[in-house]
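Read the structure below first, then the notes.
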There are 2 protein chains.
Amino acid sequence: MRSTLPNTTMAASIQVCRLYTSGRGRFFRSLLKNNVCFRRKFASKTVAAKVQTTTTKKETKDETKSFSTLQEERREQAERSVLISCPPNISEMRFLKHVSRHGNIKNCFFYESFGIYAVVEFSEKDSIASLREATSIPSIQHETAVPFKTRLLSLKANNLNLSSSQPSVQCQKQTTIGVKELILKLSQEDSIDQQLYSLMEEYQLTEENICLRFLVCSLLKDIAAAYFPECIIRPFGSSVNGFGKLGCDLDMFLDLDAVSGRNLKQVGGGLSLEYQMKKMTSERAATQSILTVIGECVDQFGPGCVGVQKILNARCPLVRFAHQPSGFQCDLTANNRVAMKSSELLYVYGGLDGRVRALVFCLRCWARVHGLTSTIPGAWLTNFSLTVMVVFFLQRRSPAVLPTLDQLRDLAGPKDKSTIEGNDCSFVSDFSRIQDQTNTETLEHLLQEFFVFYGNFAFSQMSINIRKGVEQNKPESSPLHIQNPFEPALNVSKNVNATQLERLVTLCQESAWLLQQGGAGGRGLVRDTPWGLAALLQPSLSQSIKMKGRKRKAREPASERIKGLLDSLKSSKAAAGVAGDAANGRNGSSAKPH
Amino acid sequence: MRSTLPNTTMAASIQVCRLYTSGRGRFFRSLLKNNVCFRRKFASKTVAAKVQTTTTKKETKDETKSFSTLQEERREQAERSVLISCPPNISEMRFLKHVSRHGNIKNCFFYESFGIYAVVEFSEKDSIASLREATSIPSIQHETAVPFKTRLLSLKANNLNLSSSQPSVQCQKQTTIGVKELILKLSQEDSIDQQLYSLMEEYQLTEENICLRFLVCSLLKDIAAAYFPECIIRPFGSSVNGFGKLGCDLDMFLDLDAVSGRNLKQVGGGLSLEYQMKKMTSERAATQSILTVIGECVDQFGPGCVGVQKILNARCPLVRFAHQPSGFQCDLTANNRVAMKSSELLYVYGGLDGRVRALVFCLRCWARVHGLTSTIPGAWLTNFSLTVMVVFFLQRRSPAVLPTLDQLRDLAGPKDKSTIEGNDCSFVSDFSRIQDQTNTETLEHLLQEFFVFYGNFAFSQMSINIRKGVEQNKPESSPLHIQNPFEPALNVSKNVNATQLERLVTLCQESAWLLQQGGAGGRGLVRDTPWGLAALLQPSLSQSIKMKGRKRKAREPASERIKGLLDSLKSSKAAAGVAGDAANGRNGSSAKPH
């Protein structure tokens, strides 16, 4: 069993092995003899399917694997995996029977991306060699194929009558539901706390999706490793920090630090052998050089890689492309240790308390729906900035929900030591060394308080500082100042202009007010009326602020306007014509989630 | 002992292992115990140093390895070799002592190219792995090096006092002497036959130079094999056809035919696995794609590779660059089977009779000196065309010196079967199956007759055809028609215009006349007066033809002009002020060379 996403109640269900019982028992039992274990996560339509556990938070948190341990496990797992495009109407049984002749299959799942694909993880790496020996170059393309062999394969059905009456394979989801559908779904929940957990479950990366991301990195590494046999391609950012949303881009960097031969101890005689290497004028030039070749190779040979752009003159040179077999939009850059440290820090914070991820997913969605963040780089707040603001807010609670970064630094072990460009970036990686916090506020309450906190924050004078866990005097005059935790001279949100900041503040105030009203009167008379978090995600919230065009003064509630909103909610529900029962307007329980 | 260049008297001396006897005996004897064998070819200043053998021609010819056997031996040898740049003043003993700790050295030689280099051939391929483990990445370049490791290394002397009083290493020659020096040298020979052999010895590729060419191919293969593990980079043309001149370009092609996985027998079940590969629109597109990536890699990473040009839109897409460590100008193209067959055919013809190579080297030099051929592509005759003309001439002798291509085809064994784009390109590769020819004409006589033959050839009606060994009616109206032996519809010399053809004919006539005069009166009274072949190589021969500017009618001797030339030869010798003895005006002996 691989590690779970930390502190989610869905996690337990992911660990459950489910076997078909109808008519395939014998085959599957024989597979089990051969040590095949299936995981199947049936996309649940309601939150009701999730398994509630009652284990204490401490046990689960302390069991959470450290970031590097988890990354290493996933990296190694990907090395034993292949990606196979399947013919339509193939049955799982037939598929597995064919592939498992090369070795024990440890895991296998299917998904859709321009056709059906299977990720097959073998128990032994040797099985891949065996599989490749039986793999041919496509015959129609003999003359015109670039004979570049990877672990991306196609299973062809030759003269095979694949009856469409056979059940097709069960596919894992790769995308999220739309906002409208989400709002409907959340409106069916019993409490605002449940709404947040439901949103998180819909949006968070699934285990399978994470496996697939690591596999794409592994496939790309095979390309780069052609020239740098010891290199590794590592995913960073949303794909690994615990806050990634299904469908987010895959950010990767090329790690050449493991390349051997540096500082080799020379054995006597006064003579020593060196590799002749092309001299570069700078590290940047070396990076551009390497990415040029890898980018060219991906462009020319990379099966399924399209839309390749080599953006080598950017501040951070990168190669960008779409990987059709996985559906991911990919960015490859050179080793960026600070970015990796940031990813790890977010992973740690997300793992310390189950409410953290739920809050962040919720607020990222809220920010996105209301146009506070954008996929286009510009003056908008970034997801990273927003996440740091959430962390800071949770540090400022009494008692604090999260420790400060300095506190995490002080808990660092010898292996956690990390200095990057003169800055101490150390912090503890072992969850068991971090003491539990004692805060017991509900998600609903925290959400409300978040809006109040930032609706009233002294942005004009103060800087957000998660190292210290208290606001500091702003060192420079950007509208929004969030100190980069690893590069103290930098402002993470320097790009944010006054207009965007004001929109943020206004939306916080509006949202605080809306929530305070009991979320449009609780569940309301009619089922499916957007309420609680669902009401907060209505586009009309930010639209009404925009449409009025009034320059809003900070800290002035807009009761009239909000009342108008509430009315429009009721009428839109009536227009939708949804009948339903009355329901209790229940608030979230005070029990802390895991 | 590797195979020798066929049929040269110098060949025997190359096979001789020479050991230092002064003061290093003990070390070298110990190396011998470890199975190290040195070859050292001391650049001889006179032809006198060459070893005359008396073995019959038949034995030597039949022992000559087939082209593919020889290529394979050299390819495999290169795989066990490394290229090491040496510090100045390093002694051979110290060098070998350091390097031989990684394994038995089978061979080693030094040469100069922007510094001193050593080619080290190990007995076992494993020794290279051992050597690489002890090789470090240059420390000054840690940050800015592209850590691309190849078999091109540098030996550094750390804090080592390399006294300049120690004998530096013996370097093998990589370049030829200039024309003026050659003329002086040839003038010291005893006969025209000896002059031709002397020229060949000066110009032909040495064993070491050929090793180095194969090593560069092997180094380049390591780059290409990163993506196509089963690919091979093969030298073709002058580097392997037996007629290459020291310093000639290194033409290589990328052979992907060995890539496995085509036409794989699929094992049952109706399902089969294929690699997903990027589809190309055509074979040309695939070639351009592959060369793009390899070219980019050579440009960005290839140590010592400079001036890289990707000329992908040419009829034959290629990557061109200069390889500084070897000094070679390199051209890499995609697999060109016809070009390889042509190379092999020339190799066979050159190996059948010792006079062939001597004649071809002589005439290539003559053509170059007089501007009949050029390094710039254009209307000039190419070396290949000229060589085919020599072959044809030798086929037309009575008795013939060389068999026709059709005769060689009829001797082909089952392994020699070769069809390229519908054309039968088969010919025998096993020398022992080819009967000796009985012609015994001297080189001097053959040279003379060559000039007469082409001074009088009916170019306007007839085509040169080495398949049939007799001239054929011209199928089209190019001034010069030489049928491509492997693509019968093509004219090898289509590029040659009427002007160039006329220059060729005129020069043949002039040269015939000059030789007929006993080569400027034999050796003449004064030593070092250019005579025989040396006289033919005087630029004044072609210059005088040009300067007169007269439109010369074909077949009209220019006795007056030639007499003027003879006078100018005598006066230039007097001007050079060289004293000397009278010498006999000896003609070549009638014994056939080996």
Side-chain angles (χ1 to χ4, degrees), chain A residues 84-85 94 98 131 134-139 141-150 152-160 226-228 256 259 261-264 266-267 269-283 285-286 289-290 292-293 296-297 300-304 325, chain B residues 84-85 94 98 131 134-139 141-150 152-160 226-228 256 259 261-264 266-267 269-283 285-286 289-290 292-293 296-297 300-304 325:
Chain A
I84 305 180
S85 139
R94 183 164 228 144
H98 186 88
L131 185 114
T135 306
S136 63
I137 292 176
S139 48
Q141 290 185 300
H142 257 185
E143 298 312 309
T144 63
V146 174
F148 182 53
K149 301 177 179 177
T150 68
L152 171 60
L153 317 174
S154 292
L155 187 66
K156 297 291 185 189
N158 314 313
N159 310 319
L160 201 65
Y227 294 131
F228 310 102
L256 291 169
V259 173
R262 304 183 203 265
N263 303 319
L264 215 57
Q266 288 296 333
V267 191
L271 291 172
S272 60
L273 276 169
E274 283 180 353
Y275 288 101
Q276 262 199 37
M277 289 178 168
K278 224 162 183 143
K279 299 182 194 349
M280 296 286 151
T281 50
S282 64
E283 192 175 355
S289 183
I290 294 168
T292 295
V293 174
E296 195 66 70
C297 188
Q300 300 289 341
F301 304 161
Chain B
I84 306 180
S85 141
R94 186 165 225 143
H98 186 88
L131 186 113
T135 305
S136 63
I137 291 175
S139 49
Q141 289 183 303
H142 259 186
E143 297 312 309
T144 63
V146 174
F148 181 52
K149 301 176 178 176
T150 69
L152 171 61
L153 316 174
S154 292
L155 187 66
K156 297 290 185 190
N158 314 314
N159 309 318
L160 201 65
Y227 294 131
F228 310 101
L256 292 169
V259 173
R262 305 183 203 263
N263 303 319
L264 214 59
Q266 288 296 334
V267 191
L271 291 172
S272 62
L273 276 170
E274 282 181 354
Y275 289 101
Q276 262 198 40
M277 289 178 168
K278 227 165 180 138
K279 298 181 193 351
M280 295 286 150
T281 49
S282 65
E283 191 175 356
S289 182
I290 294 168
T292 296
V293 174
E296 194 68 70
C297 187
Q300 300 290 339
F301 304 160

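All of these numbers come straight from a predicted model, not from anything done at the bench.
- Checked against side-chain hydrogen bond (donor to acceptor under 3.5 Å, both in side chains), B/Ser289 has the following partners two or more places apart in sequence or in another chain: A/Gln300.
- The two residues B/Glu296 and A/Val293 come nearest to each other via the heavy atoms O-CG2, 3.7 Å.
- B/Leu273 contributes atom CG, which lies 8.5 Å from atom OG of A/Ser154 (distance to the nearest 0.5 angstrom).
- For the pair B/Tyr275 and A/Leu153, the minimum side-chain heavy-atom distance is below 4.5 Å.
- Contact detail for A/Lys278 and B/Gly302: the closest heavy-atom pair is NZ-O, 3.1 Å.
- Contact annotation: the side chain of A/Glu274 approaches that of B/Ser136 to within less than 4.5 Å [non-hydrogen atoms, C-beta and beyond].
- Partners of B/Phe301 by ring-ring contact (aromatic ring centres under 6.0 Å, His included), not counting sequence neighbours, listed by chain and number: A/Tyr227, A/Phe228, B/Phe148.
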